[in-house]
Amino acid sequence: MSDTITYQYNRSSAFNKSASLDELFLAKYSEVQKKDAPCFFWGRLTDPYTTARCLLTLSNVVQSSFNLSPFQLALLKDPIVTAGNEKIRFEGFSHCAGVYARVDVLGDGHDGEFLESGTTNVDFNQPMLSALSNVRKNENVLLSIGQKEVGLHRENEKVIERKVPLPVKWIKALTSVQMFLSESEKVHSFNRLQALQLFKTIPSGKPKTDYYLLIRGGKPMFSPVKSNDAITVGGLHRLKLIEPLLAIADELRVFPHATMQATTWQVYIGAIRFTLSLSRDTWRGFSGEGAGLESLIEDVPDNWVELVDNYSYANQEFNATLLAVNEGLDLQKVANITGRLSAIGLLGYDLDENNFFYRRLPFKLSRIMSLNPRLKDAEKLLLEGKVKIVSRESNKVEAQVEGSGVKHIVILNGDREQCTCTWFSKNQGERGVCKHILAVKKLIIN
């Protein structure tokens with residue numbers, strides 16, 4: 001096929017193709033009503049000392065930055081707190097959004113009552129940090145989590161942190177983090193002594209080149225020299241954020257992303273788990289990675305997404321593959337739907353359980369476009385008729401996309417993608433697809 005063909009872009013096409021599924025798709029969850037409760041959790045922490053140490057480390061992550069100005073440092077400092085399914089999760093990002101941290105207080109880490117599942121977002125100000133710093137072993141410490149506040153109760157002291165707005169940058173970063181986590185697998189597990197020895201090999205200062213985690217002579221170490229099966233770690237000095245926890249750790253596990261776009265380090269201390277994810281480089285914040293764009297290409301009816309949101313709320317955690325099997329759905333369809341929930345911050349990912357977990361944030365599908373400008377730009381290119389298919393045969397598609405005074409050439413050949421734009425030339429697809437490839441893919445799929 002050599003003649004240029006212009007395809008009419010019809011956003012409703014995907015709805016028409018699969019309308020019959022609408023009658024079967026998780027219909028039993030259509031009547032789920034989300035409850036409003038002022039308090040999500042109230043109870044005693046069974047290991048308050050470890051929990052406090054982990055929350056202080058989380059705070060250090062949230063207060064750190066690896067590429068922002070002093071002015072920008074003051075803008076982002078809020079941990080996200082979620083209570084549900086017998087777990088309490090505290091999450092946060094560094095100011096530059098290139099480091100993600102999460103504290104999971106698992107079932108044996110608390111002795112209390114979950115009145116309702118929910119999520120809130122608070123600042124950890126100096127009174128809270130001081131209270132956490134003074135927590136002693138075997139002390140009786142109570143924790144309360146509600147819609148509008150998080151409280152720490154110690155003997156004669158009570159510290160309350162009020163709800164604050166969740167930064168938009170963090171919602172964007174949550175999307176990429178959970179995508180990277182879902183594509184990561186455990187490669188190494190180290191005991192306390194091995195972990196401490198490993199961290200002694202982190203060079204002083206701020207290395208400007210990649211380092212690699214490898215095993216030499218049966219011992220783990222970081223080296224600037226790459227070898228087979230080594231794990232790539234950009235911005236290695238960021239790992240020092242979790243070094244204070246290693247002295248009390250039971251285990252350290254390492255989960256590299258399939259293509260090394262991130263590495264995740266999990267510290268296990270009794271019933272507490274601390275997760276630290278590092279972006280590929282210090283200058284790359286998770287908020288700009290575009291890792292979830294591929295799952296947003298194919299149009300999905302809004303009511304399907306609403307049903308899976310209800311399902312997620314009702315169950316709090318779920319395995320996407322099992323969901324597809326149990327409901328008789330195509331796995332890619334489920335990936336597209338979970339991608340949309342992730343794109344508005346509603347889903348996180350638990351590596352140990354291979355599950356998504358639910359954050360109860362406002363359900364606003366309109367956020368997808370505003371949080372993903374490349375997707376919005378791709379839609380605009382399609383609506384303005386600026387995408388033309390030049391040839392299409394077998395698995396290969398060649399297209400022209402009109403830019404500002406230039407026509408970009410996009411070639412899709414199986415799993416290989418190319419575009420002549422500056423974004424693709426600079427990133428080679430490592431930071432998500434460019435708007436031109438995104439537009440062509442949306443055109444041929446929808």
Side-chain angles (χ1 to χ4, degrees), residues 1-18 171-172 175-176 179 259 261 284 286-302 304-305 330 332-333 335-344 365-446:
M1 185 184 299
S2 57
D3 296 333
T4 299
I5 300 175
T6 302
Y7 285 81
Q8 179 65 39
Y9 177 59
N10 181 5
R11 289 196 62 190
S12 66
S13 59
F15 293 70
N16 298 330
K17 289 178 187 176
S18 305
I171 300 177
K172 294 174 65 176
T175 304
S176 291
M179 293 295 290
T259 61
Q261 296 307 303
R284 286 168 61 168
F286 284 113
S287 58
E289 291 300 274
L293 287 171
E294 292 280 356
S295 65
L296 302 176
I297 291 174
E298 186 171 353
D299 291 328
V300 175
D302 289 353
W304 289 11
V305 184
D330 179 77
Q332 186 57 50
K333 283 288 185 187
N336 292 340
I337 296 171
T338 56
R340 278 162 172 73
L341 293 179
S342 299
I344 50 180
L365 286 176
S366 58
R367 281 180 172 174
I368 292 179
M369 286 297 182
S370 62
L371 294 173
N372 293 275
R374 271 179 269 171
L375 180 65
K376 184 176 182 179
D377 290 343
E379 290 270 11
K380 184 178 180 182
L381 289 170
L382 290 165
L383 292 172
E384 293 178 353
K386 293 184 176 180
V387 183
K388 296 180 180 180
I389 305 299
V390 176
S391 65
R392 186 174 186 177
E393 52 186 41
S394 186
N395 291 328
K396 185 176 181 180
V397 175
E398 182 177 342
Q400 286 184 351
V401 183
E402 291 184 30
S404 301
V406 63
K407 289 187 177 180
H408 298 291
I409 304 299
V410 172
I411 297 177
L412 308 179
N413 190 0
D415 294 333
R416 297 181 61 187
E417 305 167 351
Q418 289 180 291
C419 182
T420 55
C421 73
T422 303
W423 174 268
F424 184 85
S425 298
K426 180 180 179 181
N427 297 292
Q428 295 295 308
E430 286 192 350
R431 305 191 68 197
V433 293
C434 66
K435 62 183 179 182
H436 311 106
I437 292 178
L438 194 59
V440 174
K441 283 189 169 186
K442 284 185 68 69
L443 182 60
I444 62 178
I445 289 178
N446 294 320

Flag the pair Glu298 and Lys333 as a salt bridge only when some basic side-chain nitrogen lies within less than 4.0 angstrom of an acidic carboxylate oxygen. yes

Are Asp299 and Lys442 ion-paired here, with the side-chain N under 4.0 Å from a carboxylate O? yes

For a side-chain contact (heavy atoms from CB on, under 4.5 Å) check, start with the C-alpha distance between Met369 and Glu379, then their side-chain angles and the critical distance, and finish with the verdict. CA-CA 9 Å; Met369 286 297 182; Glu379 290 270 11; 3.3 Å; yes

Evaluate Ile444 against Arg392 for side-chain contact (heavy atoms from CB on, under 4.5 Å), listing each step before the verdict. CA-CA 10 Å; Ile444 62 178; Arg392 186 174 186 177; 3.8 Å; yes

Does Thr420 use its side chain to pair, donor to acceptor, with the backbone of Ile409 at less than 3.5 Å? yes

Any side-chain to backbone donor/acceptor pair from Asn372 onto Arg374? Under 3.5 Å, distance only. no

Audit row: Glu398, Val410, side-chain contact (heavy atoms from CB on, under 4.5 Å) steps and yes/no: CA-CA 6 Å; Glu398 182 177 342; Val410 172; over 6 Å; no

All heavy atoms of Cys434 vs all of Trp423, minimum pair found to be CB-CD1, 3.4 Å

Do the side chains of Glu294 and Lys441 get close enough for a salt bridge, i.e. N-O under 4.0 angstrom? yes

Separation between NZ of Lys426 and SG of Cys421, rounded to the nearest 0.5 Å: 11.5 Å

Side chain to side chain, Val397 and Ile411, heavy atoms closer than 4.5 Å: no

Between Ser342 and Thr175 (side chain of the first, backbone of the second, donor and acceptor by atom type, cut-off under 3.5 Å), is there such a pair? no

No-hydrogen, no-angle side-chain donor-acceptor test under 3.5 Å, Arg284 and Gln261: yes

Approximate separation, where rounding is to 0.5 Å, of Ile344 CD1 and Leu365 CG: 5.0 Å

Just do the side-chain contact (heavy atoms from CB on, under 4.5 Å) check on Asn336 and Leu296 with the steps written out, would you? CA-CA 6 Å; Asn336 292 340; Leu296 302 176; over 6 Å; no

